[in-house]
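So you know, we letter chains A, B, ... as the sequences are listed, proteins then strands, and number each from 1. Quick note: numbers below take in every heavy atom, side chains included, and nothing from hydrogens, waters or symmetry partners. As the structure is a computational prediction, the values presented were derived from the model and not from experiment.
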Amino acid sequence: MSFNNLDTLYRQVIMDHYKNPRNKGVLEDGSLTVNLNNPTCGDRIHLTMKVEDGKVIDAKFEGEGCSISLSSASMMTQAIKGKKIEEAIKLSKIFSNMMQGKEYDEDLDLGDIEALQGVSKFPSRIKCATLAWKAMEKGLMEQEQNK
Amino acid sequence: MNVQDIRKMFPILDQEVNGNRLVYLDNAATSQKPISVIESLDKYYREYNSNVHRGVHTLGTRATDAYEGAREKVRKFINAKSTEEVIFTRGTTTALNTVAASYARANLTKGDEILISYMEHHSNIIPWQQAAKYTGATLKYLPLQEDGTISLDDVRETITPNTKIVSIMHVSNVLGTINPIKEIAKIAHENGAIMVVDGAQSAPHMKIDVQDLDCDFFAFSSHKMCGPTGIGVLYGRKHLLENMEPVEFGGEMIDFVGLYESTWKELPWKFEGGTPIIAGAIGLGAAIDILQDIGLENILEHEHKLVSYALKKLSEIEGITIYGPKDPDKRAGLVTFNIKDVHPHDVATVLDAEGIAVRAGHHCAQPLMKWLDVSATARASFYLYNTEDDIDKLVKGLVKTKEYFSDVF
């Protein structure tokens with residue numbers, strides 16, 4: 001593997017999200033709070049989401065981690081804003097499939113998230129990318145069950 | 001000691017990873033295995049695989065002789081008085097858990113104290129947390145000096161007449177610090193406590209003499225010292241082991257079994273319930289042969305040269321933070337570091353693209369990471385087959401890592 005191959009992992013869009021994370025912070029009136037960490041490496045995320053009428057109105061995150069985990073968190077919060085709970089959960093499944101190199105509906109416009117596709121070629125980094133998505137899924141699933 | 005000759009004994013080193021010569025710098029996680037160790041496992045399974053201590057047949061005798069022969073090699077390796085004091089375990093973790101589950105639970109009560117340090121590996125923290133919960137004893141932490149060393153004054157100040165167990169790592173897997181175990185053991189004994197040593201990072205790299213250290217228990221793993229995974233050793237003082245209950249019960253460890261009561265075999269077998277890790281013990285014996293042929297003092301000197309060179313070269317990189325003592329005389333052969341604005345996972349991924357294997361993460365030492373005020377670090381750890389050229393490649397790789405990440409910003 002050369003440094004060109006590294007570029008499939010560290011795409012420009014990823015680095016942009018790493019350097020300028022979107023939705024960084026904590027929602028004061030966040031109705032949902034999820035803390036999740038990756039015990040093997042010490043990455044952690046603190047995710048707050050505001051859900052109204054079955055829709056994610058707002059989402060913010062704070063955390064510690066590598067470029068992949070933080071950029072993925074930034075992209076995730078961007079992607080779920082305005083989405084219905086079931087849509088957001090579906091997106092998490094699609095992302096999980098993408099990370100495992102499985103097929104997913106390629107007609108979907110995933111926006112920036114597509115840049116993370118290269119992570120699937122680096123098995124040791126997949127957990128970095130999925131942490132934020134797991135946190136989101138966990139929070140929304142619990143919300144659904146508590147209805 | 002000729003490193004090029006030594007490298008030839010380790011077939012795994014002769015390969016390319018991602019188009020570059022493999023530079024293996026993750027020895028504190030696990031070491032590579034020489035041909036003689038690999039062949040000893042192969043020979044056992046091909047020629048005399050058999051259970052130990054029970055067969056009357058020839059293969060059973062051969063297997064028992066080899067297994068017990070390995071125990072004698074370990075005894076000599078750590079200078080224990082007798083093989084009764086050498087218990088084969090699954091590794092350092094199991095060895096420390098045995099002391100915590102057997103000795104600690106039986107001997108501690110409410111008000112007693114267990115003393116460990118902030119630099120400990122999780123395997124020398126959690127067994128004591130559990131023992132403290134079970135017995136009502138208190139777990140106390142020794143503070144560290146600014147440079148990541150333990151001061152004997154702090155030991156004297158923290159220890160009390162209630163301290164019953166002091167358990168400290170011999171060499172830190174993160175800071176590289178070599179701790180003054182002999183001196184700490186003396187203070188422990190003066191205060192009526194026993195001394196437990198986590199030797200996972202010392203036994204592979206330096207001569208261990210449990211009588212000279214005057215410790216009561218000493219735990220280490222085979223896989224970090226050229227031997228197979230899945231086997232390690234608990235050394236314990238005979239009179240302590242004699243008064244301890246086994247942790248695992250079943251085959252192999254019994255003397256007489258009645259319907260409601262049973263009695264145990266004598267030492268060391270009463271602690272080895274079930275069919276033991278026979279091939280593993282034989283492989284560990286083969287690893288000890290190699291280390292002793294080369295000489296532990298030569299290995300230590302070689303690693304001291306490497307770590308001195310690495311400290312010098314790495315500290316020339318702008319934006320690097322190196323953790324642990326700056327003085328190479330206080331250190332074993334590993335360097336833990338962070339590069340400014342690049343997360344250690346990203347450092348490890350870029351180095352891997354260059355064929356360089358390092359560890360990134362919290363190194364099973366979360367309390368220490370908190371003390372260092374970092375969430376993760378990168379670590380390069382050396383062994384007998386590493387060279388200054390490996391360190392040059394590491395430095396080059398780190399410079400490239402910095403460039404790569406400054407380009408994208």
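- Distance alone, capped at 3.5 Å, places no donor-acceptor pair between the B:His343 side chain and the A:Ile68 backbone.
- Other residues, nucleotides and ligands contribute only 12 or fewer heavy atoms inside 6.0 Å of the CZ atom of B:Arg90.
- The two residues B:Gln366 and A:Pro39 have their closest heavy-atom pair at NE2-O, 4.3 Å.
- A:Leu6 pairs in a side-chain contact (heavy atoms from CB on, under 4.5 Å) with only one of the listed residues (B:Val350, B:Asp352, B:Asn18, B:Asp346), which is B:Val350.
- Applying the side-chain hydrogen bond (donor to acceptor under 3.5 Å, both in side chains) test to residues at least two apart or on different chains, the pairs with a partner in residues 80-95 of chain A are A:Asn23-A:Lys81, A:Asp58-A:Lys81, A:Ser92-A:Glu137, A:Lys93-A:Glu137.
- Of the residues considered (A:Ser124, A:Ser69, A:Gly65), A:Gly65 shows the highest number of contacts with chain B, using heavy-atom pairs under 4.5 Å.
- Heavy-atom neighbours of B:Glu316 CD from other residues, nucleotides or ligands within 6.0 Å: above the threshold of 12.
- Expressed to the nearest 0.5 Å, how far OH of B:Tyr404 lies from OH of A:Tyr10 amounts to 7.5 Å.
- Within a 6.0 Å radius of OH in B:Tyr118, other residues, nucleotides and ligands contribute 12 heavy atoms or fewer.
- A distance of 8.0 Å separates CG of A:Asn37 from NE2 of B:His362, quoted to the nearest 0.5 Å.
- Atom OG in A:Ser67 sits 12.0 Å away from atom CG in B:Asp341 (nearest 0.5 Å).
- Interface with chain A: from residues 222-230 of chain B, no residue qualifies, criterion being any non-hydrogen pair under 4.5 Å.
- Using a 4.5 Å cut-off between heavy atoms, A:Asp43 touches chain B through its side chain atoms alone.
- Heavy atoms closer than 4.5 Å to chain B are found in the side chain of A:Arg125, but not in its backbone.
- With a 4.5 Å cut-off on non-hydrogen atoms, A:Leu9 touches chain B through its side chain but not through its backbone.
- More than 12 non-hydrogen atoms from other residues, nucleotides or ligands lie less than 6.0 angstrom from NZ of B:Lys326.
- For the pair B:His345 and A:Cys128, the minimum side-chain heavy-atom distance is below 4.5 Å.
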